[in-house]
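Before any comments, here is the structure.
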2 protein chains.
Amino acid sequence: MSDETETRWLDATQQRSWRALVIGTTLLMDRLDDDLRKGFGLSLTEYEILVRLSEREGRQMRMAALADALRHSRSRVTHTVARMERAGLIERCTAADDGRGIIATMTDEGWDLLVRAAPLHVTSVRDNLVDLCDEDDFAAVGRVMNAVADRLVGDHPEVDIR
Amino acid sequence: MSDETETRWLDATQQRSWRALVIGTTLLMDRLDDDLRKGFGLSLTEYEILVRLSEREGRQMRMAALADALRHSRSRVTHTVARMERAGLIERCTAADDGRGIIATMTDEGWDLLVRAAPLHVTSVRDNLVDLCDEDDFAAVGRVMNAVADRLVGDHPEVDIR
DNA sequence: CTTAGGTAGTTGAACATTCAACCTAATGCT
DNA sequence: AGCATTAGGTTGAATGTTCAACTACCTAAG
């Protein structure tokens, strides 16, 4: 937090951009979530967990790593993974090397679902974001949001972004 | 939805930008919410409702207009405003001209709270976003997210963005 | 003037997320 | 070894959001 004594309000342009960011992301995330739910009975959160697992060796990851990668609370990941386990998409077992650790592994069913869902999802991301804007502008979004993430990850230490 | 038969995946750069957007906004919104909660016992959602009301003549707005402006479901606004009414920040009364309408009005207590909370909030938005990045990049974010909002608002018709 | 259809808003249950308390295993210190 | 501290993870209750059903009112067509 800066320690100005006078508040520096946003000017009209910044105000508009900021509001667009809030509204735009709300709308976009809602849309992506809807697409996945209607098409595959999967929430965006669940989908993202499947994606992260699919990228790892053995399609598995420790709960804490999953939480850090998604920037979700451990509790949230526990609940979500528990639901997904009930649905047969994931299995959990204790880590061999660390008695505290729990490893979440994607089942074949989970993999199949991801394979089926991904094309729709990517297409939706393109249609509602990437293909909608100038390439350079989109790169700028990346720079800005990376800066934000870097800044805020500090509070929530030792995380690897990927 | 485009009707390509082959999925056009995101390339590595787009992938990174997209992931930064998801993580960055998550982190940012969480942080803004935390700041408001800890400082003033107000959620970001509640804060935004106060802001919208404060901008209107008479510090009041119809429930539906509030819902449209924030892109929240009517149900969500009903619940949130009900809580805020219990907390003494807002009052509700029926609209004179339309028997169905309900008008939410900010109380003086709500106004005072907003006046106290706003400087912290704006400072936080600057520290964690606006002042963190290049001005042109931030303008690009505005363009991109406006395009997204315009595209997606169509599904959810007759809304005025402001 | 009546009825069909849409709009505004609420309700309560189901669901998802947060929060605080808790347990267990690892680590570090003496 | 013995004890305190920290990290990984879960639990259940409280909170917030969504969803579907419902009421009341407005509007327009016959």
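Letters A, B, ... mirror the listed sequences (proteins, then strands); counts begin at 1. Here the structure is a predicted model, which means the values were calculated and not measured.
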Donor-acceptor pair present, B:Arg100 side chain and C:dT7 base, under 3.5 Å: yes

Going only through I, L, V, M, F, W and Y residues with side-chain contacts under 4.5 Å, is there a path from A:Phe138 to A:Leu28? yes

Atom CG of A:Leu66 and atom C1' of D:dA7 are separated, to the nearest Å, by 17 Å

Salt bridge present between B:Asp35 and B:Arg31 (N-O < 4.0 angstrom): yes

B:Glu46 or A:Asp34: which one's nearest nucleotide on DNA chain D is closer to the 5' end? B:Glu46

Round to the nearest Å and state the distance from B:Ile102 atom CD1 to C:dA8 atom P. 12 Å

For residues 35-70 of chain B, which residue pairs qualify under ring pair (Phe, Tyr, Trp, His ring centres under 6.0 Å), counting only residues two or more places apart or in two chains? B:Tyr47-B:His121

Please work out if B:Thr45 contacts a base, only the sugar-phosphate, or nothing of the nucleic acid, heavy-atom cut-off 4.0 Å. sugar-phosphate

Does any N or O donor sit under 3.5 Å from an N or O acceptor when you compare the side chain of B:Ser75 with the base of C:dT10? no

In whole angstrom, give the distance that lies between atom CZ of A:Arg37 and atom P of C:dA16. 6 Å

Close residues, residues 79-87 of chain A, relative to DNA chain D [heavy-atom separation under 4.0 Å]: A:His79

For A:Asp97 and D:dG8, what is the distance between atoms CG and C1' respectively, to the nearest whole Å? 12 Å

Could you check B:Gln60, B:Arg92, B:Glu91 and say which one makes a side chain to side chain donor-acceptor pair (under 3.5 Å) with B:Thr105? B:Gln60

